[in-house]
Amino acid sequence: MKPGEVPPDIRDTEVPPGFLQAQLETIWRTPRGLLGALATVDHKIIGRRYIVTAFVFLALGGVLALLMRLQLSRPENRLIGPDLYNQIFTMHGANMMFLFAVPVMEAVAVYLVPLIIGTRNIAFPRLNAFSYWIYLAGGILLWTSFALDMAPDVGWFAYVPLSGPQYGSGKRADIWAQMITFTEVSALAVAVEIVVTVLKQRAPGMSLDRIPLFVWSMLVTAFLIILAMPAIMVASTALILDRLVGTHFFNPAEGGDVLLWQHLFWFFGHPEVYIIFLPAVGMVSTIVISFSRQPVFGYLALVLALITTGVLAFGLWVHHMFATGLPRLGESFFTASSMSIAIPAGIQIFCWLATLWLGRPVYRTPLLFVLAFFFTFIIGGLSGVMVASVPLDTQVHDTYFVVAHFHYVLIGGAVFPLLGAIYYWYPKIVGRMMSERLGRWVAFLVFVGFNLTFFPMHILGLQGMTRRIFTYQVEMGWGGLNLFVSLSALILASGFALFFFDAIRSARHGPVAAENPWGAPTLEWATTSPPPSYNFACIPVVASGYPLWDQPEAPMVATGLRLDRRELVITSVADARPEARESSPANSIWPLWTALATTLMLISSIFTPWAVVWGAVPIAVALIGWFWPKGTPEDEA
Amino acid sequence: VTEKRVLDLSGLPLHAMGSASPTWWGTLGFMLLEGSGFALVIAIYLYLGSLAREWPPAPPPDLLPGTLVTLVLLASLVPNFFIARWAERLDLPKVRVAIVAMSILGIIPLVIRVFEFPAMHVSWDSNAYGSVVWTLLGLHTTHLITDLGDTAVLAVLMFTRHGQNKRRFGDVQDNALYWNFVVLTWLPIYFCIYFLPRL
């Protein structure tokens with residue numbers, strides 16, 4: 001018997017140890033070459049691509065931010081004109097929210113969740129491949145439009161009537177609306193994959209109360225995506241219908257309403273903040289546990305805080321609309337609900353502090369980012385409580401105070417933990433360590449640069465500087481602080497540049513990473529760095545929330561799986577009892593064809609509504625090709 | 001590191017059926033997100049209606065085509081129930097008959113739907129009421145069309161050598177589950193389009 005020629009009735013217990021790995025590799029591997037790369041459904045390869053692509057968009061968005069800071073560094077600067085400036089701030093916001101923040105969090109989950117819960121691939125791996133291609137296409141659409149000077153110029157939330165048929169001339173707003181479709185289709189697909197992976201593919205014994213907190217945070221996030229993102233799909237579809245086929249959703253003259261747009265947008269837009277923040281919370285919990293060398297304080301409280309935040313996220317959207325003159329009672333309700341979000345946030349902060357207090361913290365780079373997160377996020381939370389009150393919000397609405405606030409919560413609350421998470425999981429993903437020395441410099445530069453850049457914006461906002469202005473007069477007296485902000489932005493940018501340098505350099509020259517370089521407790525550290533194509537030679541079995549700490553000598557595993565097809569274990573939702581051995585789909589090129597056909601249809605529909613009709617034909621053909629059984633062992637039960 | 005083999009899974013089935021199957025949960029996930037979409041468009045209808053001085057700003061839609069669609073859809077639930085049960089029992093001959101019947105039952109509401117759009121007495125571009133009513137109908141029609149496509153391809157598959165396979169029967173069950181969703185989401189839309197204007 002040779003690897004690749006194993007009959008169906010042979011089980012993993014009946015072969016010699018080295019043969020098992022060789023055979024699993026022949027079934028699960030991604031073939032070398034272009035076709036192999038395009039057809040792969042390995043969650044690790046796709047997750048890695050997702051992460052790299054999202055960070056490329058982060059860098060591009062950062063360049064736009066620097067251009068804006070250059071323009072604002074002195075009064076009456078004529079470097080960038082108003083039209084280009086409108087495109088730049090719209091691109092910056094849309095790019096950072098839709099092409100970086102949400103995708104990068106899902107990307108980390110695509111890579112890690114299957115490893116942390118001890119399975120061999122994500123659920124619906126071909127859908128996963130499709131979601132990446134469609135995300136990439138959406139990103140290319142947006143940035144190509146920018147290169148052609150036809151990028152959206154209506155702000156990242158594209159308020160009507162500015163983005164409507166009357167004022168939004170050309171195709172700019174249509175490109176924004178279709179970019180939304182691309183990114184949301186991809187985000188929704190990944191969300192369903194994560195929900196099913198977490199509910200049905202956990203290692204035997206990983207009952208709900210043993211799920212690591214990062215996985216819990218991604219589960220709650222995935223549900224938020226499923227419930228919130230349809231709102232922006234409906235909104236952007238209604239917008240594009242208004243623009244292209246003459247509907248009147250947002251046209252008050254024919255019974256439509258402009259505030260309807262804001263309701264729909266923020267019904268998505270506010271949960272969006274938590275879609276970005278909750279994964280970061282999971283990363284913080286993971287890092288705090290690993291580096292304080294001790295089980296988390298208040299596991300149940302932390303899980304309930306995640307769920308509470310998720311539920312409350314849907315009751316806050318109107319606080320983005322306080323300046324629109326809604327009824328008083330409604331405003332009071334949304335003030336109360338906005339402030340109540342501070343409760344689960346506070347519970348989490350205290351649980352983390354207690355964990356650090358009770359443990360013996362090891363101050364490595366990932367933990368430094370968590371400390372930077374505590375400081376920065378709390379400031380952002382406090383200015384959040386301030387703008388939750390209607391009178392203050394009315395005063396600072398659309399000023400740099402708000403710009404400062406949301407960068408504190410998004411960068412401080414999500415990007416800092418993300419950078420810590422990259423330093424933490426990089427050895428698992430790449431197989432080499434990032435530099436500890438450079439990492440400390442990155443943490444220092446990013447933390448100091450960030451606070452020097454964004455704290456003065458609170459003051460500029462209180463002085464009346466509105467957002468989205470391409471320049472200002474000398475008499476306003478904002479010149480000094482703006483120059484200070486722009487110079488500080490260089491410190492922040494140098495921190496990010498150093499991070500990218502470290503990440504790229506370490507991939508070749510970093511010290512080789514062991515299986516579990518941090519001495520962490522969860523299953524992703526129970527396999528090699530980087531993991532083999534099949535993740536685990538035998539599916540792990542767990543008896544606690546910290547399996548690698550509780551069984552350091554002999555990890556428990558399950559056996560009895562087939563070796564002639566991609567096979568993984570399906571377990572029950574609550575207590576993870578094994579229910580079936582299920583096949584996992586093999587590599588396929590069809591998700592790529594489907595994504596290309598979908599791209600053709602979506603982009604053509606900007607120019608003619610009939611594209612929806614004829615464009616459906618290639619999509620249908622590709623989908624049939626995707627689902628038609630190929631007679632492989634995975635297809636046959 | 002020596003592993004401790006604590007669990008032997010060789011006795012487990014090779015494919016999870018019904019609510020044990022990941023596809024079942026995936027279908028549920030898509031139902032949840034599409035259901036949110038339907039709910040939001042109904043919310044738009046109610047929101048615009050609450051702002052309008054006169055609602056609807058057109059004669060109420062004719063009841064006949066929409067009611068016929070509703071009756072056909074409700075009737076289709078019966079064979080849909082049986083096809084799921086026969087698929088569970090891996091009864092290929094009966095599933096073959098039923099899936100052809102379901103394909104035909106998927107075509108009939110689409111034919112009647114053609115007459116439903118003019119029965120609205122308003123065009124999508126005449127006013128916001130027309131826009132939202134056409135969007136509701138259009139969104140549901142899209143679901144009818146995609147599920148018909150799904151059912152038709154599955155029907156062809158069941159007559160090929162790929163039919164006699166637990167995995168295919170699982171697909172039939174999930175398709176039946178999704179059809180229930182398409183029928184049940186129609187009911188609030190039907191009420192919204194046809195009876196709210198008559199209240």
Side-chain angles (χ1 to χ4, degrees), chain A residues 11 13 123-124 188 191-192 195-196 199-201 204 226-227 229-231 233-234 237-238 241-242 245-249 251 254-257 260 263-264 267 538-539 541 551 553-562 569-570 572 578-583 620 624 627-629 631 635-637, chain B residues 1-17 19-23 25-26 28-30 32-41 43-44 47-48 51-52 55 57 124-132 134-135 139 145 149 153 157 160-162 165-168 170-171:
Chain A
R11 296 293 148 76
T13 41
F124 315 123
L188 284 163
V192 172
V195 167
V196 178
L199 293 184
K200 293 305 296 176
Q201 291 185 198
I226 289 174
L227 293 169
M229 293 224 174
M233 299 272 285
V234 166
T237 306
L241 288 173
D242 267 19
V245 299
T247 57
H248 297 286
F249 286 103
N251 176 13
E254 291 294 349
D257 183 55
L260 171 62
H263 281 297
L264 287 173
F267 186 77
C538 291
I539 300 288
V541 176
Q551 289 102 31
E553 297 309 318
M556 300 192 293
V557 296
T559 53
L561 268 66
R562 258 165 71 168
V569 182
I570 299 299
S572 62
E579 289 180 326
R581 294 177 289 143
E582 184 60 88
S583 67
I624 292 171
F627 289 106
W628 197 267
D635 281 329
E636 312 303 325
Chain B
V1 184
T2 46
E3 296 157 343
K4 214 159 48 178
R5 295 173 174 182
V6 293
L7 196 59
D8 179 23
L9 303 175
S10 51
L12 289 182
L14 290 169
H15 176 52
M17 292 288 277
S19 66
S21 124
T23 331
W25 286 89
L28 223 56
F30 279 100
L32 185 60
L33 77 89
E34 286 160 45
S36 314
F38 281 121
L40 281 160
V41 182
I44 295 178
Y47 177 85
L48 292 175
L51 292 181
W55 192 267
W124 73 86
D125 56 359
S126 7
N127 51 40
Y129 165 75
S131 308
V132 69
W134 276 70
T135 304
L139 195 60
I145 293 172
V153 173
L157 258 180
T160 67
R161 65 186 169 84
H162 301 291
N165 181 331
K166 261 179 103 175
R167 205 162 288 279
R168 282 307 87 60
D171 293 343

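Lettering of chains follows the sequences in order, A, B, ..., and the numbering in each one begins at 1. Being a predicted model, the structure only gives us computed values, none of them experimental.
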Please state whether the side chain, the backbone, both or neither of B:Thr160 comes within less than 4.5 Å of a heavy atom of chain A. side chain

Working to the nearest 0.5 Å, report the span between NZ of B:Lys4 and CD of A:Glu553. 10.0 Å

Does any non-hydrogen side-chain atom of A:Pro629 lie less than 4.5 Å from one of B:Arg168? yes

Run the side-chain contact (heavy atoms from CB on, under 4.5 Å) test against A:Glu579 and tell me which residues pass, sequence neighbours left out. A:Lys200, A:Ile570, A:Ser572, B:Ala20

Which atoms of A:Leu561 are under 4.5 Å from chain B, going by heavy atoms: the side chain, the backbone, both sets, or neither? side chain

side-chain contact (heavy atoms from CB on, under 4.5 Å) test vs B:Trp25 passes for just one of A:Val195, A:Val192, A:Leu199, namely A:Leu199

What residue in B:Thr23, B:Asn127, B:Ile44, B:Leu28 has the most heavy-atom pairs under 4.5 Å with chain A? B:Asn127

Heavy-atom contact with chain A under 4.5 Å, split by part of B:Ala52: neither

So which heavy atom on B:Leu48 is nearest to which on A:Gly255, and how close? CD2-O, 3.6 Å

Checking A:Met233 against chain B: side chain, backbone, both or neither under 4.5 Å from a heavy atom? neither

Side chain, backbone, both or neither: which part of A:Pro204 has a heavy atom under 4.5 Å from chain B? side chain

Kindly say whether B:Asp125 contributes a backbone atom to a donor-acceptor pair with the side chain of A:His248 at under 3.5 angstrom? yes

Value rounded to 0.5 Å, distance of CG in A:Leu227 from CZ in A:Phe267: 7.5 Å

B:Pro57 versus chain A, heavy atoms under 4.5 Å apart: side chain, backbone, both or neither? neither

Among A:Gly631, A:Ala123, A:Cys538, A:Pro578, residue most engaged with chain B (heavy-atom pairs, under 4.5 Å): A:Pro578

I'd like to know which of B:Tyr129, B:Trp55, B:Tyr47, B:Trp134 tops the heavy-atom pair count under 4.5 Å against chain A. B:Tyr47

Considering only heavy atoms and a distance below 4.5 Å, find which of B:Ala16, B:Pro13, B:Gly29 pairs most often with chain A. B:Pro13

Output the option from B:Val132, B:Leu139, B:Leu157 having the highest count of non-hydrogen pairs under 4.5 Å with chain A. B:Leu157

Who among B:Gly149, B:Ser126, B:Gly37 has the most heavy-atom pairs with chain A under 4.5 Å? B:Ser126

Please state whether the side chain, the backbone, both or neither of B:Leu51 comes within less than 4.5 Å of a heavy atom of chain A. side chain

When you compare the side chains of A:Thr13 and B:Arg5, does any donor N or O come within less than 3.5 Å of an acceptor on the partner? no

By side-chain contact (heavy atoms from CB on, under 4.5 Å), A:Leu241 pairs with (sequence neighbours left out) A:Thr237, A:Val245, A:Thr247, A:Phe249, B:Thr135

Residue A:Asp257 versus chain B: region with a heavy atom under 4.5 Å: both

Are the side chains of A:Arg11 and B:Asp8 in contact, using a 4.5 Å heavy-atom criterion? no

Per-residue tally against chain B (heavy atom, under 4.5 Å) across A:Val234, A:Leu260, A:Val196 peaks at A:Leu260

Is it the side chain or the backbone of A:Ala231 that comes within 4.5 Å of chain B heavy atoms, both, or neither? both

Quick check: do A:Asp635 and A:Ser583 have side-chain heavy atoms less than 4.5 Å from each other? no

Count the heavy-atom pairs under 4.5 Å between each of A:Met229, A:Arg581, A:Met556, A:Glu254 and chain B, then report the option with the highest count. A:Arg581

Give the member of B:Leu40, B:Asp171, B:Val153 that has the highest number of heavy-atom pairs under 4.5 Å with chain A. B:Leu40

